[in-house]
Amino acid sequence: MSSSAVVLLGGLPFTLLAVLFLGLLAQAQSRRDGVRPGRLSAAERAKLTAEARELEEVAAEVLEAARTAVLLAERTAAELAAAEAERDAAWQSHLAAAQALEEAAEALPPEPVEAAVSAENLREVSRAARAAYKRGDLSMEQLRAVWQKVDGWDQSRQDHSHGLSRLRAEDAEAARLYHVAASRARHARRAAEVARVSSHALTQEAADAAYEAQAVQTVLRGKR
């Protein structure tokens, strides 16, 4: 799990939630501030008993909601870690593609120097080459080579140009994938933060409800 995911989760697994819940119950039981011995009427005792039962039900409901929120916070933190790992991998791929493109561009053969030959002379060279081919003095491959030279065509440069086009496409795709992964990571971070805040709020609410329920029980036990 990434460090940011751990920070967002806040180290709140459900076992700690249970420990907090039980600890506050014990704390409430030990606190009897301002409680003086005395007897309660039947009506007062019934009212307090009903209040304690209601508070215990609320505490149980909120505890279950808090448990669900903690599990959600753990899941969103894991999703954040995965999204950040995907983003980092996409960034490395983008850097590698950009580096390959830069190196290929630097290795591109220079443009061929145009020969200072007039169009008429080029036509003459072409006609002479065709005539030599007809006489059998040139093979078809040799004839094509002459035409390529006349046209300024270079196979190695053309191959390199095709390679550059491919690398440009790969670089653009790597950049696109990185931006998609970065967007997912941002959304995952927001979701993890919301889940973390919710889990902490519900945990505190559950603890408060448990404390209040136990405080009422303490009053009942102290005024029998």
Side-chain angles (χ1 to χ4, degrees), residues 1-92 177-224:
M1 182 178 296
S2 69
S3 58
S4 58
V6 172
V7 170
L8 283 173
L9 182 57
L12 189 64
F14 184 68
T15 52
L16 288 184
L17 175 63
V19 170
L20 174 63
F21 188 81
L22 295 176
L24 285 174
L25 282 178
Q27 184 183 42
Q29 191 171 8
S30 65
R31 290 185 179 180
R32 300 182 182 183
D33 299 339
V35 176
R36 296 180 179 178
R39 298 184 62 83
L40 294 172
S41 67
E44 290 173 331
R45 181 169 295 279
K47 181 179 179 181
L48 284 176
T49 300
E51 182 180 351
R53 185 180 300 110
E54 181 180 352
L55 287 171
E56 288 171 351
E57 291 175 355
V58 170
E61 291 175 358
V62 179
L63 178 62
E64 178 59 25
R67 185 188 72 84
T68 301
V70 168
L71 294 177
L72 176 60
E74 292 175 343
R75 187 174 74 248
T76 54
E79 291 171 352
L80 171 59
E84 289 183 335
E86 180 184 359
R87 178 203 60 196
D88 294 343
W91 175 248
Q92 292 303 317
L177 291 176
Y178 166 71
H179 287 300
V180 170
S183 177
R184 288 175 181 167
R186 286 192 297 271
H187 287 300
R189 173 176 287 277
R190 284 194 290 270
E193 175 63 20
V194 170
R196 184 191 67 81
V197 172
S198 176
S199 68
H200 280 284
L202 285 171
T203 298
Q204 184 61 52
E205 185 178 347
D208 291 344
Y211 181 88
E212 292 172 5
Q214 192 60 36
V216 175
Q217 290 288 3
T218 299
V219 172
L220 285 171
R221 284 193 298 270
K223 292 196 174 186
R224 289 178 180 177

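Index from 1, following the sequence.
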May I have the step-by-step check of side-chain contact (heavy atoms from CB on, under 4.5 Å) for Leu72 and Arg75, ending in yes or no? CA-CA 5 Å; Leu72 176 60; Arg75 187 174 74 248; 2.9 Å; yes
Go through the steps to decide whether Arg67 and Glu64 satisfy the test salt bridge (charged side-chain N to carboxylate O under 4.0 Å, His left out), and finish with yes or no. CA-CA 5 Å; Arg67 185 188 72 84; Glu64 178 59 25; 2.8 Å; yes
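Heavy-atom minimum distance, Arg87 versus Ala181: CA-CB, 3.6 Å. The minimum heavy-atom distance between Ala210 and Ala59, with the atom names listed, is N-CB, 3.7 Å. Between Thr76 and Ala195, the closest heavy-atom pair is OG1-CB, 3.5 Å. Scanning all heavy atoms of the two residues, the minimum distance from Ala65 to Leu202 falls at O-CD1, 3.7 Å. Considering all non-hydrogen atoms of both residues, Ala66 and Thr203 come closest at CB-N, 3.8 Å. Residues Ala188 and Ala83 come closest through the heavy atom pair CB-CB, 4.0 Å.
Between Glu51 atom CD and Glu56 atom CD the span is 11.0 Å, to the nearest 0.5 Å. Between atom CZ of residue Arg184 and atom NE2 of residue His187 there is a gap of 10.0 Å, rounded to the nearest 0.5 Å. Remark: Glu61 CD to Glu205 CD distance equals 10.5 Å, nearest 0.5 Å.
Neither side chain, Asp88 nor Gln92, offers a donor N or O lying under 3.5 Å from an acceptor on the other.
Using modelled atom types, no side-chain atom of Ser183 and backbone atom of His179 make a donor-acceptor pair closer than 3.5 Å.
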